[in-house]
Engineer: 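Just dropping this structure here.
Treat the numbers as computed from the prediction; the structure is a model and nothing was measured. Note that these values count all heavy atoms, side chains included, but never hydrogens, waters or copies made by symmetry.
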Amino acid sequence: MLRGLILILFGGTLGASAMWGAFNFHLVWTEDRLLIVQRSAPSLKDTVADVRAWGRSEWLKHPHLTRSMMGAGHKKVIEKSLRNEAGDFVDHAFSNVSQGMTGKPVNSSANMLSATPGL
């Protein structure tokens with residue numbers, strides 16, 4: 001009987017602690033590590049977030065997480081993901097331009113030279 005009561009109290013304490021943590025902190029997976037960031041306002045939204053592939057649109061969809069990250073001094077994580085998105089955009093745009101010139105993707109400088117008229 002006493003063992004059951006102790007088990008119930010332990011489980012209740014563990015559950016209450018987990019809920020307190022979920023209401024007060026974000027767990028954020030970045031490219032480098034797992035961050036525990038204090039929330040700007042108590043809620044259960046974005047308790048766990050994997051931001052490794054996030055771009056501008058995702059950060060705008062999660063303003064509470066963005067605000068918490070900036071407030072905790074993790075602005076560089078947001079900036080890095082925006083730079084990665086800009087680099088992907090430039091790579092994609094260059095690929096589209098290359099395909100427009102030849103009708104097929106350009107994989108090497110030799111292909112690019114052979115696709116240039118007059119060379």
Side-chain angles (χ1 to χ4, degrees):
M1 179 76 170
L2 183 61
R3 178 185 270 181
L5 182 60
I6 291 173
L7 194 58
I8 289 172
L9 288 174
F10 177 74
T13 303
L14 187 63
S17 299
M19 286 302 297
W20 177 83
F23 268 100
N24 290 294
F25 297 96
H26 297 281
L27 291 175
V28 183
W29 287 100
T30 67
E31 291 182 13
D32 304 327
R33 61 184 185 253
L34 173 68
L35 298 174
I36 300 174
V37 180
Q38 188 168 3
R39 291 180 181 273
S40 58
S43 74
L44 285 177
K45 189 169 181 155
D46 299 324
T47 300
V48 178
D50 183 355
V51 301
R52 291 177 282 193
W54 280 22
R56 182 178 185 272
S57 62
E58 282 297 317
W59 286 110
L60 291 173
K61 288 179 192 175
H62 303 274
H64 297 291
L65 178 59
T66 305
R67 191 175 312 121
S68 296
M69 292 284 289
M70 302 265 300
H74 297 293
K75 182 178 178 181
K76 290 186 186 240
V77 172
I78 298 169
E79 290 172 345
K80 185 176 181 180
S81 67
L82 295 177
R83 276 195 307 271
N84 289 345
E85 181 183 41
D88 292 343
F89 174 77
V90 170
D91 291 343
H92 181 69
F94 179 74
S95 173
N96 286 343
V97 168
S98 298
Q99 287 177 10
M101 287 174 61
T102 64
K104 58 186 173 184
V106 174
N107 294 328
S108 69
S109 59
N111 287 342
M112 185 181 281
L113 289 175
S114 66
T116 306
L119 291 178

Engineer: Taking the side chain as every heavy atom from C-beta outward, state whether Asp32 and Lys80 have any atom pair closer than 4.5 Å.
Structural biologist: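 Counting from C-beta outward, Asp32 and Lys80 do come under 4.5 Å.
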Engineer: For His26 and Lys45, which heavy atoms make the closest approach, and how far apart are they?
Structural biologist: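 Closest pair (atom of His26, atom of Lys45, distance): CE1-O, 3.8 Å.
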Engineer: Mind listing the closest non-hydrogen atom pair of Thr47 and Ala22 along with its distance?
Structural biologist: OG1-O, 3.8 Å
Engineer: Does Arg67 have more than 12 heavy atoms from other residues, nucleotides or ligands lying within 6.0 Å of its CZ?
Structural biologist: yes
Engineer: Take atom CD1 in Ile36; do more than 12 heavy atoms of anything else shown fall under 6.0 Å from it?
Structural biologist: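 Not more than 12 within 6.0 Å, no.
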Engineer: Would a hydrophobic clustering, with Ile, Leu, Val, Met, Phe, Trp and Tyr connected at side-chain separations under 4.5 Å, put Leu34 with Val48?
Structural biologist: yes
Engineer: If you measure from CD on Glu31 to CZ on Arg52, what distance do you get to the nearest 0.5 Å?
Structural biologist: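 Taking CD in Glu31 and CZ in Arg52, the distance rounds to 8.5 Å.
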Engineer: Shortest non-hydrogen contact from Trp54 to Ser81?
Structural biologist: O-CB, 3.3 Å
Engineer: Is any side-chain N of the basic residue among Glu58 and Lys61 closer than 4.0 Å to the acidic one's carboxylate O?
Structural biologist: yes
Engineer: Could you pull out the closest heavy-atom pair between Gly55 and Leu82, with the gap in Å?
Structural biologist: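 Closest approach of Gly55 to Leu82: C-CD2, 4.2 Å.
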Engineer: Give the minimum heavy-atom separation between Val37 and Ser68, together with the two atoms involved.
Structural biologist: CG1-O, 3.5 Å
Engineer: Taking all heavy atoms of Met69 and all of Trp59, pick out the closest pair and write down the distance.
Structural biologist: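 Nearest pair, atom of Met69 first, then Trp59: CG-CZ3, 4.3 Å.
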